[in-house]
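Working notes, structure below.
Position 1 is the first residue of the sequence, and the numbers go up from there. Just so you know, ligand 1 is whichever comes first in the structure, and atom 1 is the first atom listed for that ligand.
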Amino acid sequence: MLLFDFVTIRKESIIMRHLMSPLDFTVEELDQLFDLANDIENNMPKYAKMCEGKKLATCFYEPSTRTRLSFEAAMLNLGGSVIGFSDAASSSASKGESVSDTIRVISCFADICAMRHHKEGAPMVAAEKSSIPVINAGDGGHQHPTQTLTDLLTIRSLKGSLGNFTIGLCGDLKFGRTVHSLINALVRYPNVHFIFISPQELRVPDYITEMLREKNISYEEVIRLEEIMPRLDFLYMTRVQRERFFNEEDYVRLKDFYILNKEKMALAKQDMLVLHPLPRVNEISVEVDDDPRAAYFKQVQYGVYVRMALILTLLEYAKPTTPQE
Ligand code: CP
């Protein structure tokens, strides 16, 4: 776990905010962000020119479909434009350029940057040298804050509130940065009960269970998905991440440990919702996609609205203001 999540960097008269962790926003600020995202959802044309003349840089050192393209769609929906790279090999990182130097260069070209990196903390290093807002679009196995904002907005929009539910998180809870980010965010809401469903090898890290115990938040750890299905309000499925395994043998042994299918869905409540950050491999059978409780493609759409709201919010903070001490 990184010890230095931060929110604000003061530069001359600009109070600029970055997003490194979902905890960088207070619960009240998140409510405002989600209200804005829902207004965007319902009044898209109102926002069509709000970022005219602004540029988003997407600096992706790791593969992505949803996060990069939804950031780009978000900026285009706001009337702005997009530059960037989708592969470290096509950037000067391949010649040895540091993240610190790259962000200084990008700061000359763009107004805001979304960065994904395989190294934990790399977007934070960039933020420290940046003169534009930096958004962590996923750093190694650490955090994926905009996926968490997407997950929270999806839950709030589809269930009406954040809190008073039981959520099962299933699959790769060891390496899954989306899971780590989501747990950190949900502990701030009332009466959320966590059930962690994983094989022993992919258990949620100890620092997370220690944090839950310290905060007196209830959780269980189980191996079998079937036994807890009837109790869940949300099931958050995750992919076993091949790219984070040290050896292929372990990956092959664990990759199909959980497969959500119609039989397992039959055990669940009628209003339970299935979420997944995607991409999926085998962990949700395609036969589940037609079940009205499958919310993972709606979740992708909410990702665009919340990224639009985030871009607007961070650009607003980056405007020059009177310094306050
Ligand atoms: N959910 C998610 O981060 O997907 P991508 O890796 O495709 O961006």
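The shortest N/O to N/O separation between P279 and ligand 1 does not fall below 3.5 Å.
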Full working for ring-ring contact (aromatic ring centres under 6.0 Å, His included) between Y61 and F85 | CA-CA 8 Å; Y61 295 82; F85 54 85; 5.2 Å; yes
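For the residue pair R156/S161, the side-chain donor-acceptor check at 3.5 Å is not satisfied.
Listed by number with element, the atoms of ligand 1 under 4.0 Å from a non-hydrogen atom of T65 are 5 (P), 7 (O), 8 (O). For ligand 1, the atoms sitting less than 4.0 Å from at least one non-hydrogen atom of L278 are 1 (N), 2 (C), 4 (O), numbered in the order shown with element in parentheses. Within ligand 1, the atoms closer than 4.0 Å to a non-hydrogen atom of T67 are 2 (C), 3 (O), 4 (O), 5 (P), 8 (O), numbered from 1 in the order shown.
Listed by chain and number, the residues in a salt bridge (charged side-chain N to carboxylate O under 4.0 Å, His left out) with E263 amount to none (sequence neighbours excluded).
A 6.0 Å sphere centred on NZ of K54 holds no more than 12 heavy atoms belonging to other residues, nucleotides or ligands. Other residues, nucleotides and ligands contribute at most 12 non-hydrogen atoms within 6.0 Å of the NZ atom of K119.
The nearest protein atom to atom 6 (O) of ligand 1, hydrogens excluded, is given as R116 NH1, 2.9 Å; this is a heavy-atom distance. Looking from atom 4 (O) of ligand 1 to the surrounding protein, the closest heavy atom is R66 NE, 3.0 Å.
Within the structure, the closest approach of H144 to ligand 1 falls below 4.0 Å when heavy atoms are considered.
Here ring-ring contact (aromatic ring centres under 6.0 Å, His included) pairs that include residues 29-49, with residues two or more places apart or in two chains, number zero.
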